[in-house]
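These notes concern the structure reproduced below.
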Amino acid sequence: MVRVRAACIGHNRWRMSDPLASLSTLLEPLFANFNGGVPADPTVRPSDRADAQINGALALAKRLGENPRDLAQQVLESGILTDVAADAEVAGPGFINVTFSSSFLESQLAAVVKDKRLGVAIAAEPKIVVVDYSAPNVAKEMHVGHLRSTVIGDSLVRLHEFLGHTVIRENHIGDWGRPFGMLIEHLLDLGEDVVSDGLSQGDLDGFYKQANTKFKDSEEFQDRARDRVVLLQGGDEATLVLWRRLVEMSNSYFQRVYTKLDVLLTDDDLAGESRYQPLMEGVYARLDSAGLLREDAGAMVVFPPGFKNRDGAPLPMIAKSQTGAFMYATSDLACVVDRVERLDADLMLYVIGTPQAQHLQMVFEVCRMAGWLVEPTKAVHVGFGNVLGADRKMMRSRAGDSVKLADLLDEAVERAEVAIAEKNPDIGHEERLVVANMVGIGALKYSDLSTERIKDYVFDWDRMLAFEGNTGPYLQYAHARICSIFRRARIDRASVRSEHIILNQPQERGLAMRLLAYPSAIATTLDSFSPHKLCTYVYELASDFSSFYQECPILKSPEPMRTSRLALADFTAQVLEHSLGLLGITAPEQM
RNA sequence: GCCUCCGUAGCUCAGUGGAUGAGAGCAGCGGGUUUCUACCCCGUCGGUCGCAGGUUCGAGUCCUGCCGGGGGCGCCA
C-alpha cells in the first residue's frame, strides 16, 4: 500500500493553473515513493486519446525491474487521481490515460480568470537579464536581418519583464571603427546640412556607398580618412563633434523605425561599440595579468581550447593586432565584463545571427578562462537564420541590394490596408489606417517569430497576411471577433469577468485546457528562448476558440450557459491579447 | 580539409524519448454549415521523417558514419 504524505504537495505548486503541471506535481511524491524516496519524473504529456497521459511508469518499472502495467495499476489504486480525474485507465505497455473531471478543470479555471496575470506566476528567482539586440550600424541602412534581431529580442524582453525579471535592453549599435574616418570626411565634403537632410529622409545607404566609392577611387580621400580615424581615436574634440552628429542623425532615423515597428527600444537603450573603447585597455591588462595572452604572428592573442583553424592548429581570439589595435573580440570582452560587473547581469542574451556563433563562443570561453563569466551567470547566443526570398536565396531587392527595413514596414502596412478595405468596407478611414498598422506590422513580426529562429525562413507577403493558417492576422482576427460579440450585444466585458465557467461541450473543455496551459507555454518558450513556441500556443488557442465559436452558440444560449460562454470568450480574448503582446503584436478590437 | 547548423506531405512549417493513427496550414478533390464579420466542421488526396548503422522496453527526437545545403575557420565589425 502506498502512502502519500499530503505535506509533499506544495500548496502553491498545486495551484498551478496548467492541469498537466498540476497532475505532475500531484504524482511526484508517489513516484518518489515507488523509487525508494528518489525523485522520478511521472512524465505527464498531452494526449490525443485523453486529456493527458502518464508515461513515467514505463521508465520507472524498467529501473526497478517491475512490470510497467502493474506499476501503472498501483498508481490508479493509490486513489491519488480521484480528485482530478473523471476517468483514468492503464493502456498499452503501461501508459495511464487521464480524463480530467469537469469540476477539476472548472475550479482551476475559476482561480485563473480572477488573476490579472492570467495564471502566470512571477519568477521565483528574479534575475537581471541583459538583452543585446537590433544593433544597426551608424550611417548604414537597417535591413531585414535587423528585423529578426529586433523582433526576436523585443519579444524576449517582454517575456522576461512579464515574469518579473529586471531587463536591461542594450542596442549595440556599430558606432565606432575604421569606416568612421571616411564617413566623417564625406560628411565634411557634402556639408552637414545636406547630409542631415539626406539621412533624415532615410538615405543612409546612399551616403555610405558614396563614401565607400570615394574611398576606393581617391588616394587623397583615403589619406584624409586614415588621418581622421587617428583624430577620432585620439579624442580630437572637433572630430568628435562631427562623429556625434553622424551618430545622432542615424539614431533619430533608427528611432523612427523602432516607433513604426512598435518595439521597446529607445535612445536610453543605446550601448554602442564606442562605449566599450575606454574599457578595452583595462580588460587587456587583466588578460595579461591572468597569464592568458600569447604572442602569435605579431599579434597578442588568447587560445581558448577546442577551436581550430583551417590547418588544424589552435585558433586564437585576437586581443590586439600586429599594429597594436584592439579588435572587435576585445570590445566584446569588455562588453561582457561591463554587463557582469557594472550591470550585475545574471543572464546575457545575444540576439545575433548564426554566422557570429563561433566568434561569440570564443569570446564567452575566454571570459570563462579569465574568470569573468562564472556559473550561474550565463551568456547565451540567441542565434537566428537568414530571411530568404522566394528563390530560397538571401532576400534582395530588385536592384540586388539588401531590402531596406523601412520600405518593408511601409509595404506591410499598405498591403494590410488593402486587405482590410476589401474585407471590411464598413470600417472608417481613420480606423482603417490604425488597424492597418497593427495588422501589417503584426503580420510581419509574426511571420518572423513563428518559425524556429535558428532556421532560415522564406519571406512571403501573401502567406503572412492571409487570414487563414498560422498568421498574425488570423490571431488578431480571433481576438477582434470576440470583441465584436460583446460590442454587438452591448455587453461590458468586465461584467462577465470572474463569472463561473461551466465546461460541458468538448470544445469548451478543449478551450479551457488550452487557456490553463498558458503558463506552461511561456515556460517552454523561455527555456530555449524560442518565441515560435509561444506562437504555436497562440495559434492553437485561436484554433480552439474557432472550434468553440463554431459549435457553441454564445448569445443565443440560455442562462447560465450564456454568461458562462461569454466569460470563457472574454478570458480567451484576454489571453490572446496578452500573448500577442508578449510577441510585440497589438490586437485590434475590430478589423 | 576542420568545425557548426539545417534536411519531416506538392508548398510553408510544427513536433517535451512514448502507443505501427508522424501533425497543422496552404494548394487539390468531395460534402456540410454559412448563424456572433472574413470563419468553421467532416471526408479525401498526399510521408522510405536525407541515407545506413547503433543505444533503448520504445527513436522524427539521442549517438556514430555517410549524402545534400547554408554558415564559420587570424589581424574588418
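Here is how names work: the chains are called A, B, and so on, in the same order as the sequence lines, proteins then strands, and each is numbered from 1.
For the pair A:Ser22/A:Leu516, no side-chain contact is recorded, criterion being any heavy-atom separation below 4.5 Å from C-beta on. The side-chain heavy atoms of A:Arg509 and A:Thr99, taken from C-beta on, include a pair separated by under 4.5 Å. A 4.5 Å side-chain heavy-atom check between A:Arg565 and A:Pro553 finds at least one atom pair inside the cut-off. A:Cys535 has its side chain within reach of A:Leu583: a pair of non-hydrogen atoms, C-beta onward, lies under 4.5 Å apart.
Considering only the side chain of A:Arg487, B:rU37 comes nearest among B:rU37, B:rA14, B:rC75. In the set B:rA77, B:rU37, B:rG15, B:rU37 carries the atom at the smallest distance from any side-chain atom of A:Ala480. Comparing B:rC39, B:rC36, B:rU12 by their closest approach to the side chain of A:Tyr474 singles out B:rC39. Considering only the side chain of A:Tyr457, B:rC13 comes nearest among B:rC13, B:rU37, B:rG1. For A:Tyr549, taking side-chain heavy atoms from C-beta onward, the closest of the listed nucleotides B:rC73, B:rC36, B:rC75 is B:rC36. Closest to the side chain of A:Ser321, from the set B:rU37, B:rC75, B:rU12, is B:rC75. Side chain of A:Ile318, nearest nucleotide from B:rC75, B:rC40, B:rC36: B:rC75. Distances from the side chain of A:Thr536 to the nucleotides B:rU37, B:rC13, B:rA14 place B:rA14 closest.
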Practice problem: Starting at the 5' end of RNA chain B, write a dot or bracket for each base, bracketing those in Watson-Crick or G-U wobble pairs whose two distances are under 3.5 Å and using | for partners on another strand. | Solution: (((((((..((((....[....)))).(((((.......))))).....(((((..]....))))))))))))....
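Side-chain atoms of A:His479 come within 3.5 Å of backbone atoms of A:Pro588 as a donor-acceptor pair (strictly under, hydrogens ignored). Of the possible polar contacts, none joining the A:Asn137 side chain to the A:Lys140 backbone as a donor-acceptor pair under 3.5 Å is found. Formation of a donor-acceptor pair under 3.5 Å by the A:Ser250 side chain with backbone atoms of A:Ala139 is found in this model. A donor-acceptor pair is defined here as one N or O able to donate and one able to accept, closer than 3.5 Å; such a pair exists between the side chain of A:Thr330 and the backbone of A:Ala319.
Among the protein residues, A:Met591 comes within range of the nucleic acid bases, having at least one heavy atom under 4.0 Å from a base atom. Nucleic acid contact for A:Phe307: none, since no nucleic acid atom lies under 4.0 Å from a heavy atom of the residue. At the heavy-atom level, A:Leu555 lies under 4.0 Å from base atoms of the strands shown. Nucleic acid contact for A:Arg69: none, since no nucleic acid atom lies under 4.0 Å from a heavy atom of the residue. Among the protein residues, A:Ala569 comes within range of no part of the nucleic acid, since none of its heavy atoms lies under 4.0 Å from any strand. Within 4.0 Å (heavy atoms only), A:His532 reaches sugar-phosphate atoms of the nucleic acid but no base atom. Nucleic acid contact class of A:Glu273 (heavy atoms, under 4.0 Å, all strands): sugar-phosphate only.
The C1' atoms of B:rU4 and B:rA24 are separated by 30 Å, rounded to the nearest whole Å. Comparing the C1' positions of B:rG47 and B:rA14 gives an interatomic distance of 15 Å, to the nearest angstrom. Taking the C1' atoms as reference points, B:rG60 lies 14 Å from B:rC51, given to the whole Å. When the P atom is compared between B:rU61 and B:rC49, the two are found 10 Å apart, to the nearest whole Å. Nucleotides B:rC29 and B:rG68, compared at atom C1', are 34 Å apart to the nearest Å. Taking atom C1' in both B:rG50 and B:rU37, one finds a spacing of 45 Å when rounded to whole Å. Rounded to a whole angstrom, the distance from the C1' atom of B:rG74 to that of B:rU55 is 41 Å. Comparing the C1' positions of B:rU35 and B:rG18 gives a spacing of 42 Å, expressed to the nearest Å.
For A:Ser547 and B:rC41, the shortest distance from a side-chain N or O to OP1 or OP2 is below 4.0 Å. Of the side-chain N and O atoms in A:Arg481, none sit less than 4.0 angstrom from OP1 or OP2 of B:rC39. When the side-chain nitrogen and oxygen atoms of A:Lys455 are compared with OP1 and OP2 of B:rA14, one or more of them lie within a distance under 4.0 Å. Between A:His172 and B:rA77 there is no side-chain polar atom (N or O) within less than 4.0 angstrom of OP1 or OP2. Contact annotation: A:Lys308 does not reach the phosphate of B:rG72 (side-chain N/O to OP1 or OP2, under 4.0 Å).
Rounded to whole Å, the distance from CH2 on A:Trp461 to C1' on B:rC26 is 19 Å. Counting to the nearest Å, the P atom of B:rC39 and the CD1 atom of A:Ile485 are 16 Å from each other. Following rounding to the nearest Å, A:Glu468 (CD) and B:rC11 (P) show an atom-to-atom distance of 21 Å. Between A:Asn309 atom CG and B:rC75 atom P there is a gap of 11 Å when expressed in whole angstrom units. As a whole-Å value, the separation of A:Leu388 CG from B:rC6 P is 15 Å. In this structure, the CE atom of A:Met317 is 13 Å from the P atom of B:rA77, given to the nearest Å. The distance from atom CD of A:Gln358 to atom C1' of B:rG72 is 5 Å, rounded to the nearest whole Å. For A:Arg453 and B:rC13, the CZ to P distance is 17 Å, given to the nearest whole Å.
A:Trp176 and A:Trp243 have perpendicular rings, their planes meeting at more than 60° on a 0 to 90° scale where under 30° would count as parallel. Ring geometry for A:Phe459 against A:Trp461 counts as perpendicular: the plane angle is over 60°, on a 0 to 90° scale with 30° as the lower cut.
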At a cut-off of 3.5 Å, list every protein nitrogen or oxygen paired with a nitrogen or oxygen from nucleotides 63-70 of chain B, distance to 0.1 Å.
none

What N/O pairs connect the protein and nucleotides 17-21 of chain B at under 3.5 Å? Give each pair on its own line.
residue, atom, partner, partner atom, Å
B:rA19, O2', A:Arg49, NH2, 2.9
B:rA19, N7, A:Gln53, OE1, 3.1
B:rA19, N6, A:Gln53, OE1, 3.3
B:rA19, N6, A:Asn97, OD1, 2.6
B:rA19, N6, A:Asn97, ND2, 3.0
B:rG21, N7, A:Arg49, NH2, 3.1
B:rG21, O6, A:Arg49, NE, 2.6
B:rG21, O6, A:Arg49, NH2, 3.1

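Comparing A:Asp311 and A:Ala357, the nucleotide of RNA chain B nearest to each residue sits closer to the 5' end for A:Asp311. Of the residues near RNA chain B, A:Val44 and A:Arg178, the one whose nearest nucleotide (by heavy atom distance) lies more toward the 5' end is A:Val44.
A:His172 and A:Tyr276 have their aromatic ring centers within a separation under 6.0 angstrom. Taking the centre of each ring, A:Tyr539 and A:Tyr474 come in below the 6.0 Å mark. Taking the centre of each ring, A:Tyr350 and A:Phe364 come in below the 6.0 Å mark.
At a threshold of 4.0 Å, the pair A:Glu468-A:Arg463 does not count as salt-bridged, since none of the basic side-chain nitrogens sits closer than that to a carboxylate oxygen. Ionic pairing of A:Glu170 and A:Arg339 is present here: one or more N-O contacts between side-chain nitrogen and carboxylate oxygen are shorter than 4.0 angstrom. Using a 4.0 Å cut-off between charged side-chain N and carboxylate O, A:Glu452 and A:Lys533 make no salt bridge.
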